Every structure is written in C-alpha cells, then in structure tokens.
Protein chains: 2
Amino acid sequence: MTSVPDHTPAPDSTSVSDHGTTNDLNELKRLLNQVSDLNAAAALMSWDQETQMPPEAARVRGLQMATLAGLSHELFTAPQIGTLLENAEPGPDETDVALLTVTRRDHAKATRIPTEFVEENARASSEAHHAWIAARENNDFVSFAPHLEKMIDLARRYADHQGFDDHPYDALIDDYEPGMKAAQVRGIFADLRDRTLPLLRRIVAAGDATDYSVLSRRFPATAQREFGLKIAQEAFGLLPGFSRLDESAHPFQTNFSRDDIRVTTRFDEHYFPMSLFGTWHETGHAMYEHGVAARLERTPLSRGASLGVHESQSRMFENLLGRSRPFWQRHFAAFAQAAPEVARGQDAESLYRAVNRVRPDLIRVEADEVTYNFHIMLRFELELALLEGTLSVADLPEAWNARMVEFLGVTPPDDAQGVLQDIHWSSGLIGYFPTYTLGNLLSVQLLEAAKRDPDIAAEVDRAEYGKLREWLVQNVHQYGRSRTPSEITQAATGGPLSADAYVKYLEDKYGDIYGLS
Amino acid sequence: MTSVPDHTPAPDSTSVSDHGTTNDLNELKRLLNQVSDLNAAAALMSWDQETQMPPEAARVRGLQMATLAGLSHELFTAPQIGTLLENAEPGPDETDVALLTVTRRDHAKATRIPTEFVEENARASSEAHHAWIAARENNDFVSFAPHLEKMIDLARRYADHQGFDDHPYDALIDDYEPGMKAAQVRGIFADLRDRTLPLLRRIVAAGDATDYSVLSRRFPATAQREFGLKIAQEAFGLLPGFSRLDESAHPFQTNFSRDDIRVTTRFDEHYFPMSLFGTWHETGHAMYEHGVAARLERTPLSRGASLGVHESQSRMFENLLGRSRPFWQRHFAAFAQAAPEVARGQDAESLYRAVNRVRPDLIRVEADEVTYNFHIMLRFELELALLEGTLSVADLPEAWNARMVEFLGVTPPDDAQGVLQDIHWSSGLIGYFPTYTLGNLLSVQLLEAAKRDPDIAAEVDRAEYGKLREWLVQNVHQYGRSRTPSEITQAATGGPLSADAYVKYLEDKYGDIYGLS
C-alpha cells in the first residue's frame with residue numbers, strides 16, 4: 001500500500017503531571033512539549049539529510065527545515081508562552097523551578113532577537129557557508145573575507161541585542177556555555193598555555209622512535225565498524241535498544257529523545273583511528289543524552305547542560321578511556337582479531353603508543369591531546385580581536401599563521417590548511433570554539449573526581465566502566481539543563497573548572513610515553 | 001561534535017510566484033507550504049519508525065507524531081486559511097484554480113470534524129488496533145468485537161459530520177477516492193463479479209500441472225534485494241538520485257517531496273515473489289509521486305489523485321509488466337544469474353507460469369490477479385451491511401466465511417485467517433478496501449489506452465517501458481490532485497472507469513495459461 005492521505009488528525013499531546021503544579025504550569029508544559037516535538041522532527045530531518053536522504057532531495061529538504069525552524073521559533077516566542085512564564089507557579093518540585101528558570105532565560109533570549117535580524121542572519125550565513133566551501137577549495141581567502149566581515153558584524157549586533165556587561169563575547173559564548181564569560185576563559189586558557197607549552201616543547205625535543213606506520217595499515221571499513229560498535233556497546237554501554245550507528249561525511253551525535261540516539265562516524269581504510277575514536281567520541285555524547293532523567297523528557301531541560309559539559313563526556317570516552325593503556329591491554333586481543341593485518345607484530349603497548357602520538361601540526365580535528373588546545377586558544381584570541389576591532393579580517397591570515405608558529409612551530413603552506421580549515425565561522429558560530437577546550441579540561445577533572453571512589457578507580461584501571469557510568473549519570477547526566485555547567489562542575493568535582501587536573505594528566509601520561517621523567 | 005542547540009531560528013519559507021496572483025493567494029500558498037512541510041516531517045517520522053528507529057524509542061515517537069499531526073491540523077484549519085480561501089482570486093493559472101478548489105474542499109472537510117471527535121477517534125482506533133493484534137494472535141474475535149462496533153459507530157458519525165446524499169459510505173470512500181460513490185462501486189463490482197466468477201470456476205476446473213516448488217527454492221535476501229532493485233531502477237525507472245529502498249515489516253511507499261521517495265520491501269528467502277513483486281509494486285507508487293509536476297511542490301496538490309489511481313500504478317508495474325511473459329523473457333537470464341538455485345532447470349516460460357498461479361485461498365495480500373478482487377468485494381459488501389445495520393458485528397465472522405465459500409470455495413479454519421486478517425478496520429479505515437480493486441481495473445484500462453500508440457505497444461511487448469512511463473507522466477502523474485480520478489480516467493482512456501478492460505485482460509492471459517479457449 002502507499003501511505004494513506006490522512007485527513008483525520010491525531011489529538012494534541014497532553015502532559016499529565018502528578019505534581020501539585022498550577023494549571024498555568026501544566027499548560028506551559030504542554031506547549032513546551034509541542035516545541036520539543038517540533039525540534040525533534042527538525043533534528044530527524046537533519047540526521048536523515050546527513051545519513052539517508054537521496055541526493056536530489058536536498059533542495060526541498062532545505063525549504064522544509066527552514067519551515068520547521070521558523071514554526072518552532074514562532075511557537076516558542078508566542079505571547080501565550082510569555083504570559084504563562086510570568087504567571088506560572090512552580091510549587092515545591094525542584095525540576096519545575098529549574099524548568100521555569102531555564103525556559104524564562106531561553107524565552108527572553110529568543111524574544112530579544114527581531115525576526116528581521118533572524119532572517120538576515122540566516123541568509124548571510126547560508127551565503128557565507130557557500131563562499132567558504134569555494135574559498136577553501138580554491139585556497140582563496142580574499143573571496144571569503146567580505147562574508148566573514150558580515151558574520152563578525154552580525155555577531156556584534158547579536159551581542160548588542162542580547163546585551164552584556166563586560167565583553168560582547170560574553171553574549172555569544174553564553175549560547176553554547178551558559179554563564180561562561182570571556183574573562184574566565186581568558187584566565188583558564190592563559191594558565192593552560194603557560195603550563196602546557198613547556199611540556200609540548202619537551203616532548204618535541206625528546207624525539208620519537210615509535211613506528212607509526214601501523215596507523216595506516218589496511219583495516220576494512222566493515223570490520224572497523226563492527227569493532228568500533230562492539231566496543232561502544234560492550235565496553236562503553238551504548239545500548240542497541242536506544243541507538244544506532246550510521247556513516248556521514250562528518251561524525252556527529254544527535255537525538256530525538258533520550259531513547260532515540262543517532263551516532264555517526266566515517267571510515268578511512270588506511271587510517272583506522274578516524275572511525276574508531278570518532279565512534280567512541282560520539283558514544284560519549286550519546287551516553288550523556290541517554291543519561292538525562294526521564295522526568296525532563298520533551299522539555300527545554302532534556303539535553304546536555306552545555307557544549308563544554310557535552311565535550312567532557314565525548315572526550316572522556318574517546319581519550320581518557322579509549323586512548324588509555326588499560327583499555328589497549330584489555331582490548332588488544334579483540335582488536336587483533338578484528339584487524340589482523342594491523343596487529344601483525346604489534347602488542348598492546350605499541351598500539352597504545354601509536355594512538356597517542358604527539359605532533360604539532362596544521363589541522364585542529366586531527367590534533368592530539370597535547371596540541372589540540374593550542375588550536376582552540378589561537379581561535380579564541382583571534383575571535384576576541386576580531387570582535388574588538390583590533391584585528392581586521394584582511395589581516396586575519398597573517399595573524400593566524402603567526403600564532404601557529406608561536407604555539408606549534410608550524411607554518412600553514414596555504415590558507416586552506418590554515419584560517420579556512422573550519423566550518424564554524426562561516427556558519428556564524430563565533431564563541432563556540434572554547435567549549436572544546438573547556439570540555440577537555442572538565443573531562444579529566446570529572447574522571448579524577450570519580451576515581452576518588454576506590455571501586456571506580458579499580459574498575460577503570462581494569463578498563464571496566466560500569467561504576468564510572470553510574471557516577472556520571474548520578475553527578476552529570478541526569479540533570480540535563482536543570483543545573484548550570486558551573487553548578488555541575490562544582491558539585492561533582494568539589495571546585496570550579498580549572499586547568500589543574502588536565503595539566504597533571506598530560507604531564508603524567510606523556511611524561512611516561514616520552515620518557516620525560 | 002554534538003548537534004548545536006540552535007537558538008537562532010531560520011526564517012519562514014516564502015513562496016515566490018511568477019504568476020499574476022493576488023497577495024491573498026500568495027499568502028495562502030505560503031501557509032500551505034508550511035502545512036506541507038510539517039506533513040513531510042510527520043511522514044519522515046513515520047518512515048523512520050518503520051525502517052530505522054531503535055526499538056526503545058517507540059513510546060516518545062508516538063507522542064511526537066501525535067503533536068505533529070495536531071499542529072498540522074491546527075495550522076490547516078486556522079481561521080486565517082479559511083479567510084484567505086474565501087478571498088483569494090486565482091487568476092488565469094489553471095493550477096491556481098485547482099489549488100483553490102481542492103484546498104477549499106479539504107479545508108471544509110477538516111473543519112467539519114470537531115476536535116473532540118478527532119480525539120475520541122484517535123483514542124478508539126489506538127485501542128482497537130491493540131485489541132486487534134491480540135485478537136488475531138489468539139484467534140479471539142469476541143474480544144475485538146466491541147472495538148469494531150466502536151469503529152463502525154465512529155465511521156457512521158464521521159459520515160454524519162461530513163454529510164452525504166445517498167449513503168454514509170459515500171462520505172467515507174470520498175477520503176480515499178474523491179468523488180467516488182457507493183452506488184458506482186456497487187455497479188462496477190457486480191459487473192466484475194458476474195464476469196470473472198465463471199472464469200475463476202473454469203480455471204479451477206481446468207486443473208494445473210505446473211510445478212510451483214520453484215517459488216520456495218532458496219534465494220538469499222541480499223541477492224533478492226539486489227535483483228529487485230536493479231529491475232526497479234533499470235527496467236522501471238526508479239532513479240537512485242531521488243529514492244531509496246529499505247526493509248520493513250510491511251512494504252510501503254512514502255515520500256517527503258517528489259524528489260525524496262522511500263520504498264520498502266520484506267524478504268522471505270524461501271518465497272522470493274514477496275520481495276520482488278513487493279518492490280516493484282511500491283516502485284509503481286514511487287514513479288507516480290516522482291511524476292507529479294514540480295509546480296505543485298509543497299501544496300495540497302502534490303501527491304497522487306486518489307488511492308485507486310495510485311494502486312493502478314503499483315499494480316501496473318507489479319502485475320501487468322512484472323508478471324508479463326515479455327518481462328520474463330527479457331529478464332530470465334538476469335534472474336538466473338541472481339538466483340541460480342531457483343533457476344536451475346527452469347526457463348522464462350516456466351517462471352512466468354509459476355508467478356501467475358491462480359489459487360482460491362484465504363488471505364487477501366497473497367491473492368493472485370483473478371481471485372484478489374473477490375477478497376475486496378467481500379469486504380465492501382460487509383462494510384455496507386455493517387454501516388446500514390443489516391449485519392451485526394457479532395454475525396460478521398459467519399457472514400465472512402459464507403462469502404468466502406460463495407466466492408472462492410474455501411472456508412477459513414479460524415478467524416485469524418478470516419475476518420481478523422487485515423489491519424484496516426482496527427485503524428478505522430472503512431471505505432478504503434474498494435480502492436484496491438478500482439486500482440486493478442484502472443491499471444489495465446490505462447495500459448490498454450497507452451498501447452493504442454503503436455510505439456508504446458511495441459516497446460511494452462519487448463519489456464521496454466520508457467515511452468510508457470512518458471505517457472503515464474503526461475496523462476496521469478503530472479496532474480497530482482489537480483484533476484479528479486474520474487477526470488484523469490476519462491481524459492487518459494476515453495471513458496469512465498469500468499471492468500471491461502480488466503475482464504478481457506484476465507480472460508486472455510489466464511485463458512492462455514490454463515488453455516481454456
């Protein structure tokens with residue numbers, strides 16, 4: 001049969017609450033459920049576009065996704081929700097209090113932006129995105145420059161609409177890392193730079209006798225997929241009942257409820273770390289979303305607290321666990337079975353060293369644990385200078401290259417491998433990059449806190465993660481957005497976010513690998 | 001990266017028109033585009049549920065789909081659309097005239113149904129559906145009877161809300177086959193029955209020496225998929241750029257635009273006709289949807305004219321072409337290569353005969369071209385009697401079995417293989433069944449009309465379908481819902497829908513196979 005044209009609509013969903021909440025609060029929840037469901041549909045359209053959709057469908061899909069985004073914004077900013085947010089009484093339920101706090105904040109931010117600005121921004125970022133693709137392909141920064149100027153201008157105006165106390169950057173980063181300020185990032189990054197740049201220099205000076213050719217030995221894609229997924233499921237806890245793994249041009253995690261999580265990866269048969277660590281990275285994001293409490297379902301609270309906290313989970317699974325010595329000791333035999341050609345003449349220790357190579361290089365997404373954050377610090381400094389007007393877009397490539405030399409001692413041979421390498425700025429994502437490093441720092445800070453429990457520490461040292469996962473659900477995942485990133489960090493680790501744990505982790509791990517003593 | 005929480009919405013889509021239409025018409029189109037996009041998202045959610053979704057996601061997905069259906073109904077029945085429909089001036093453009101006509105009709109039907117009725121209907125059909133699953137499993141009609149009574153009652157009340165002149169059935173069938181009346185179906189079916197029942201009796205009396213064991217020889221699922229899709233693409237014209245094939249429990253076709261078509265099938269390694277003819281059947285639906293003119297995109301006109309016209313396309317590809325002698329002559333070699341175990345000792349003629357076995361049996365979905373319509377006529381008569389109140393639900397199984405004996409000479413051993421076999425009634429789909437037979441009749445009537453062009457006839461006799469497809473696009477597909485089924489039938493075939501062509505087709509084909517002449 002073909003699908004039946006359905007003239008009889010289903011009824012609106014209604015949210016049943018057993019709390020003693022007021023009618024206003026219940027009606028608010030009903031409307032927020034609608035917005036959440038619409039956003040889930042939009043997210044599904046996006047996942048489908050990246051993983052399943054036939055190519056010719058792209059044009060209409062773009063129109064459809066624009067409609068859903070517009071409807072979602074229209075529903076969420078409708079005066080009715082504003083009135084309900086003013087009138088609703090939360091009662092004693094902590095979750096309801098958080099729901100009102102967070103939703104009032106979201107609503108205020110959404111209604112501060114005029115529709116014309118939204119439209120101008122969408123048009124400009126679409127044009128900038130296309131210009132960036134061409135510019136990167138042709139190594140032609142000049143053709144991208146006016147678009148980047150426009151995106152910087154829009155970012156400044158966005159910040160003006162939202163308002164800020166100290167720095168326009170505060171209004172931008174707040175969208176990705178609620179409550180974070182440029183000044184705090186600046187402090188943490190300065191500390192991190194001062195303490196890891198000397199380490200990096202010592203590593204580079206130490207030289208490296210490891211044979212990395214093992215990384216480019218052939219590992220067929222289907223076998224990579226099978227092994228990567230097996231580890232994700234059996235070691236890291238990604239349950240097939242609520243998840244699936246697909247292939248896409250760029251790996252990502254998205255989800256349409258805590259029980260409907262989609263992870264993607266990509267394969268290079270002559271560079272297996274891309275798919276394996278990619279899969280485990282996205283598995284970390286997936287575990288977070290699945291761990292959000294069911295009571296937050298279909299509300300603005302039912303996703304990770306911030307991009308930084310999210311990245312702490314993905315980096316924990318990818319790097320702190322997946323690139324650890326106990327992990328490779330435990331799983332080398334299974335790896336050798338899945339990839340006999342790669343494993344020939346290798347052992348757990350040689351694989352462990354191979355996947356932890358430190359090498360200052362040009363491209364952020366392929367950077368190791370030591371150099372990665374320098375790529376971020378560079379972008380953060382340049383974003384600040386562009387927003388402040390102390391750096392012009394025309395001078396950006398030169399400033400980029402100068403910092404690459406300063407931090408990593410490498411000079412990009414062209415802008416395609418330099419300032420044009422990332423998609424973010426072309427999509428108007430300014431203030432986003434720091435969350436990668438904040439996530440790196442938090443990942444170690446959280447793991448260290450969890451391992452204060454000797455049972456967890458003992459398990460992790462055997463590459464078993466059941467108790468660690470329980471701790472993460474308890475201390476991080478379950479709260480969704482009902483606690484801020486800094487509340488979560490403080491309560492889980494006993495202190496604010498800092499570079500301390502991460503620096504110590506790098507010194508211990510790479511001191512050992514590179515014999516720095 | 002994980003997906004970015006997107007606080008900045010995209011702008012609403014706007015429809016650009018180069019016709020001399022009024023502002024009201026443009027605004028109407030913009031709103032109809034929104035409804036269409038929302039329906040596309042809902043359809044994607046449904047496709048994903050049947051083909052991709054992890055199992056644990058089902059509960060929340062149900063809530064999300066209910067929200068989207070509710071929002072779509074809310075948007076479409078909003079007073080603003082009513083006012084625009086009253087005020088809009090179509091101008092000289094034929095498509096705009098049709099858009100207003102069809103949308104006014106849809107809108108009137110949608111607004112005639114009170115929201116409470118919609119909710120009651122959704123609840124009742126959900127309960128009836130679950131009751132039906134259990135009843136069929138336990139062969140327990142009595143437990144399903146009260147639910148079926150409720151669905152009959154709701155169908156009567158739905159008809160009362162819509163209004164009708166002659167028979168409540170007219171209001172029901174109109175949702176699936178616009179403009180069709182019970183009296184017309186009755187006339188066509190009586191004619192069909194009177195002329196094919198004697199044929200069926202002669203076929204049964206003739207006996208059958210064909211060896212059908214070939215149908216149950218092993219054909220691995222992956223090879224079935226590959227061969228089925230190859231034929232669908234290379235012979236029938238399903239282009240990979242706008243379509244994909246997946247597996248689902250029940251085969252279906254759905255689409256989210258004319259360029260984004262999803263076909264599904266299912267596999268039995270010991271009964272290959274299920275997947276092959278299933279794939280080609282859904283390919284017929286797919287070709288129809290892809291053939292709808294691009295100018296109707298994202299409007300209520302941009303899908304097939306009715307379920308009957310749709311079924312004419314799926315049946316044409318599945319049966320008139322896929323079960324034809326020239327088809328098997330042309331493709332036997334490729335089939336033998338794909339399924340050497342099945343083809344051993346066979347030839348084109350023996351395969352042709354095997355896939356055209358006529359056998360009166362219990363189950364509709366597995367019925368052949370001669371007996372299939374009796375399954376439909378039986379259901380149509382029972383639906384009429386139930387609505388008229390001349391048959392009670394309690395007496396339904398007996399009435400079912402009596403007609404099975406009368407038409408097909410078989411008695412269901414239990415209700416699971418009798419009155420409980422179909423999903424339709426449990427979902428409130430009453431008035432739907434006749435469209436299957438109307439589609440069968442129209443398929444032959446259309447093919448006969450197309451073959452009046454000697455070039456098309458010559459191609460089809462060589463199992464080439466390029467010119468036939470062009471004719472179908474020209475005479476059927478392109479119009480979408482901008483012409484009614486009877487307008488399409490009249491213009492394409494030169495007369496109204498009748499059983500004539502189908503009866504002659506059966507007599508010729510099966511007279512030859514069974515040596516009746």
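A note on names: the letters A, B, ... follow the listed sequences, proteins ahead of strands, and every chain is numbered from 1. Only this structure's heavy atoms are used, side chains among them; waters, hydrogens and symmetry mates stay out. Values in this document were obtained by computation on a predicted structure and should not be read as measured data.
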Quiz item: Does any heavy atom of chain B fall under 4.5 Å from the side chain of Leu68(A), the backbone, both, or neither of them?
Solution: side chain
Self-check item: Minimal non-hydrogen separation, Arg266(B) against Ser248(B), with atom names
Solution: CB-O, 3.4 Å
Practice problem: Name the option with the most non-hydrogen atom pairs under 4.5 Å to chain A; the candidates are Glu120(B), His250(B), Glu116(B), Arg262(B). | Solution: Arg262(B)
Self-check item: Side chain / backbone / both / neither for Arg59(A) at chain B, heavy atoms under 4.5 Å
Solution: side chain
Practice problem: May I ask you to name which of Met53(A), Glu297(A), Arg244(A) has the most heavy-atom pairs under 4.5 Å with chain B? | Solution: Arg244(A)
Quiz prompt | Row check, Tyr372(B) ring normal vs Arg315(B) NZ/CZ: under 6.0 Å, within 45° | solution = yes
Self-check item: Largest heavy-atom contact set with chain A, pairs under 4.5 Å, which of Trp47(B), Tyr288(B), Phe242(B), Phe76(B)
Solution: Phe242(B)
Quiz prompt | Heavy-atom pairs under 4.5 Å with chain B, option from Ala57(A), Gly241(A), Ala41(A) with the top count | solution = Gly241(A)
Quiz item: Contact part of Ser243(A) toward chain B, heavy-atom cut-off under 4.5 Å: side chain, backbone, both or neither?
Solution: backbone
Quiz item: Do Asp246(B) and Thr51(B) have side-chain atoms, one donor and one acceptor, less than 3.5 Å apart?
Solution: no
Self-check item: Row check, Tyr436(B) ring normal vs Arg364(B) NZ/CZ: under 6.0 Å, within 45°
Solution: yes
Practice problem: Can you tell which part of Gln52(A) gets under 4.5 Å to a heavy atom of chain B, answering side chain, backbone, both or neither? | Solution: both
Quiz prompt | Heavy-atom pairs under 4.5 Å with chain B, option from Leu38(A), Ile261(A), Val60(A) with the top count | solution = Val60(A)
Quiz item: Which answer fits Leu75(A), side chain, backbone, both or neither, if we ask what part of it has an atom under 4.5 Å from a heavy atom of chain B?
Solution: side chain
Quiz item: Do the side-chain N and O atoms of His281(B) and Glu318(B) include a donor-acceptor pair separated by under 3.5 angstrom?
Solution: yes
Exercise. Verify, without hydrogens or angle tests, whether Arg61(B) (side chain) and Met45(B) (backbone) share a donor-acceptor contact under 3.5 angstrom.
Key: yes
Exercise. Give a yes or no on whether the backbone of Glu311(B) and the side-chain of Ser314(B) come within a donor-acceptor separation of less than 3.5 Å.
Key: yes
